[in-house]
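The figures here come from the full heavy-atom set of this structure, side chains too, leaving out hydrogens, waters and symmetry mates. Naming convention: chains lettered A, B, ... in sequence-line order (proteins, then strands); numbering from 1 in each chain.
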Number of protein chains: 2
Amino acid sequence: MVTQRAIPLHRRIRAAIEAKILSGEWPPGTRIPTEAELAATYDCARMTVNKALTDLAADGLIERRRKSGSVVKRPVLQSAVLDIHDLKAEVEAAGFTYRYTIATRKIRQATRADCERLQLAKPVPVLALSCLHLADDRPFCWEDRLISLAAVPQAQDATFIHQSPGAWLIGEVPWSAAEHRISAVSADASLAALELAPGTPCLAIERRTWDAEQPVTHVRLIYPGDAHALVARFAPSKAG
Amino acid sequence: MVTQRAIPLHRRIRAAIEAKILSGEWPPGTRIPTEAELAATYDCARMTVNKALTDLAADGLIERRRKSGSVVKRPVLQSAVLDIHDLKAEVEAAGFTYRYTIATRKIRQATRADCERLQLAKPVPVLALSCLHLADDRPFCWEDRLISLAAVPQAQDATFIHQSPGAWLIGEVPWSAAEHRISAVSADASLAALELAPGTPCLAIERRTWDAEQPVTHVRLIYPGDAHALVARFAPSKAG
DNA sequence: TAGTGGTCTAGACCACGCA
DNA sequence: GCGTGGTCTAGACCACTAG
């Protein structure tokens, strides 16, 4: 047998099994051969087959169980990786000039509403910001943000005049967990800066961020509904 | 050293490195030790370290390059796994009774608009459906769907009286690629079944599905904005 | 050219969970 | 029990690429 070195063996095994699943030859519930059987089929070590199957399981195409073996899972059509791009990158990718202005900036002891927004156990000093993002000087997105000064004390000295809070925070809080909430709202007086007719439907994206279990920030981004949409793709062969 | 068999070694190695990244001890750009160094540190085989690092790379926490080694990546805060649950499961999980009714069902040659919705190269026969999903007999979601009869000819004989098109399709087209688009719209006459005041903001989720490069279906789901939101979580340690 | 990750082997022992 | 996947080893050769 001629070994094709261009594509690793474990990938070829994975692809072969994936093809059988995607084509419907192995419908959901089908029990796939054991690692030992596949190793014999492809004349390779069990570890190599294991890598292929572990990969497929990570991508949700199969489910692995001891003793009973691996079976093809039912598809979860409704799951998708959502990429909410960085505002500046998003605007510039669309070929527009990005601009940003800060509207308000206040430091206060967290109110009860602030505690709920940040999911704080007890009040701490917070920085409340609101900003406007523009594409070609056209209002594009309204941002309403709360930053916990307990988690990010250095925010107290940041002016956010030249850099948006989001971009600044990425540099200060390297990695974190986040929760997103996407909903639809109606434009009202609080969104006057977006220059929309009252009642215009808007997309609202809320993001809560933690660093090591500590609440960091809560942001609410409002986009005019006709000017923005979120797009997500899901392809089994490309998921990873 | 006492081996803790409860947690596999490669997971413990992964967790140790992840902790250094998440804590900020290893900020983005930091070059992490080579596989050989880590294998010596943890007194194990290089393969074990390799599994830990491959894992971290798959989750996007590090980037691996030959010769130059592995480095901590910049975080992508705005990426999240979005789970758009099955409508029936979603309603029942919330403790309501799920009900479904079909409003219209028509077979026609694809119009130009249909071709655009399904991204068809040339017109084929299609099945156009509209349905209402109810939670505790309260209108919950309006569905507007197009199914390509070229891809799913057996849809011609399905009545969709007892089973919603989405549930039926999952059984007929086992696995597929999908594209989602989420936006905000205003309630209008076409959504009369949702019994909303005109202008009520609604969340619109569009999903296009392919099976082996062939367009299968396009669906538009409309939810009242105040009654529904999409939630996604992103936690580096849990991402898979 | 030499350092680094990518892949692969041919074994091994163990834990889980059906029978 | 005992079959299956989960993990791990101690090597090996190769491919890529930065210096």
* Length of the CZ-P vector between A/Arg65 and D/dG5, whole Å -> 11 Å

* **Spacing of A/Leu9 atom CG relative to D/dC13 atom C1', expressed in whole Å** => 15 Å

* Asked: Would you say the side chain of B/Leu134 lies within less than 4.5 Å of the side chain of B/Thr101, judging by non-hydrogen atoms?
  -> yes

* Nucleotide paired to D/dG1 in any strand shown, Watson-Crick or G-U, under 3.5 Å -> C/dC18

* Asked: What is the distance from CD of A/Glu35 to P of D/dG5, rounded to the nearest Å?
  -> 5 Å

* Under 3.5 Å donor-acceptor pair, B/Arg11 side-chain atoms to D/dT7 base atoms -> no

* Taking only the side-chain nitrogens and oxygens of B/Thr34, find out if one of them lies under 4.0 Å from OP1 or OP2 of C/dG3. => no

* Asked: Does A/Lys51 pair with A/Glu35 as a salt bridge, N-O distance under 4.0 Å?
  -> no

* Asked: Taking the six-membered ring where the residue is Trp, are the ring centres of A/Phe140 and A/His133 under 6.0 Å apart?
  -> no

* **Residue-phosphate contact under 4.0 Å: A/Arg46 side-chain N/O, C/dC8 OP1/OP2** => no

* **Which nucleotide in C/dT9, C/dA15, D/dT7 has an atom nearest any side-chain atom of B/Lys51** => D/dT7

* Asked: Among D/dG6, D/dG11, C/dG3, which nucleotide sits nearest the side chain of B/Arg66?
  -> C/dG3

* Asked: If each of B/Ser70 and A/Lys67 is mapped to the nucleotide of DNA chain C with the nearest heavy atom, which maps nearer the 5' terminus, i.e. the 5' end?
  -> B/Ser70

* **Atom-pair distance (CZ on A/Arg12; P on C/dG6), nearest Å** => 18 Å

* Would you say a side-chain N or O of B/Arg64 is under 4.0 Å from OP1 or OP2 of C/dG6? -> yes

* **Heavy-atom closest contact (B/His10 atom, B/Ala52 atom, distance)** => O-CB, 3.4 Å

* Does a side-chain N or O from A/Thr48 land closer than 4.0 Å to OP1 or OP2 of C/dT9, or not? -> yes

